[in-house]
**Q** 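One structure, as structure tokens, below. Some questions next.
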Amino acid sequence: MVLNAADNQTLTVSEARNNFSELVNRAAFGKEVTLVHRGRNQRAVVAIVPAELIEAYEALVDQEDGRIAMERLADLEAGRDVLIPADEVERRLGL
């Protein structure tokens, strides 16, 4: 799915509430993203997005987490880092 930020619709909270069902359908079937803003500065605070966009994001996060974990394991195996038991960390932090 390719999204173009210039194509995103932007609505106020009131407008989104009044058109929620339509916005959900447009996200689900038309793959549209709607940004919802509020406040004086009209900053986007939430978005109505297709579920597949969230699933793709979560897959990327999982992939990155896996990459980081593999790096940490390699550091441990190569002796570039050491493990500190959780109880020792708690002790050092005074928890």
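Side-chain atoms are counted along with the backbone in the values below, which use heavy atoms only and exclude waters and symmetry mates.
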**Q** Any heavy-atom pair between the side chains of Leu23 and Leu11 that's under 4.5 Å?
**A**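 Touching, per the 4.5 Å side-chain cut-off.
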**Q** Check whether any side-chain heavy atom of Gln9 lies under 4.5 Å from a side-chain heavy atom of Leu35, and answer yes or no.
**A**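 No, too far: nothing below the 4.5 Å cut-off.
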**Q** Donor-acceptor pairs are to be reported for all side-chain atoms of residues 76-89 against protein atoms at under 3.5 Å, with residues two or more places apart or in another chain.
**A**
unit_1	atom_1	unit_2	atom_2	d
Arg80	NE	Asp75	OD1	3.0
Arg80	NH2	Asp75	OD1	2.9
Glu88	OE1	Arg91	NE	3.1
Glu88	OE1	Arg91	NH2	3.4
Glu88	OE2	Arg91	NH2	2.5
Glu88	OE2	Arg92	NE	2.8

**Q** Could you tell me whether the side chain of Arg26 reaches within less than 4.5 Å of the side chain of Glu22, counting heavy atoms only?
**A**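 Yes, their side chains come closer than 4.5 Å.
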**Q** With rounding to the nearest 0.5 Å, note down the distance linking CG in Asn18 to OG1 in Thr12.
**A**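 Those atoms lie 8.0 Å apart.
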**Q** Please list, chain by chain and in numerical order, all residues satisfying salt bridge (Lys or Arg N to Asp or Glu O under 4.0 Å) with Glu15, sequence neighbours excluded.
**A**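 Per chain and number, Glu15 pairs via salt bridge (Lys or Arg N to Asp or Glu O under 4.0 Å) with no residue.
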**Q** Roughly how far apart are Glu58 CD and Gln63 CD, rounded to 0.5 Å?
**A**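 Rounded to the nearest 0.5 Å, the CD-CD separation comes out at 14.0 Å.
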**Q** Return each pair, listed once, that meets salt bridge (charged side-chain N to carboxylate O under 4.0 Å, His left out) where at least one residue sits in residues 35-47; pairs must be two or more places apart or across chains.
**A**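 Qualifying pairs, neighbours excluded: none.
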**Q** Between atom CG of Leu53 and atom NZ of Lys31, what is the distance when rounded to the nearest 0.5 Å?
**A**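 Leu53 CG to Lys31 NZ: 10.0 Å, rounded to 0.5 Å.
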**Q** Quick one: do Val33 and Ile54 end up in the same hydrophobic cluster if we chain Ile, Leu, Val, Met, Phe, Trp and Tyr together by side-chain heavy atoms under 4.5 Å apart?
**A**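 They do share one cluster, since a chain of ILVMFWY contacts under 4.5 Å joins Val33 to Ile54.
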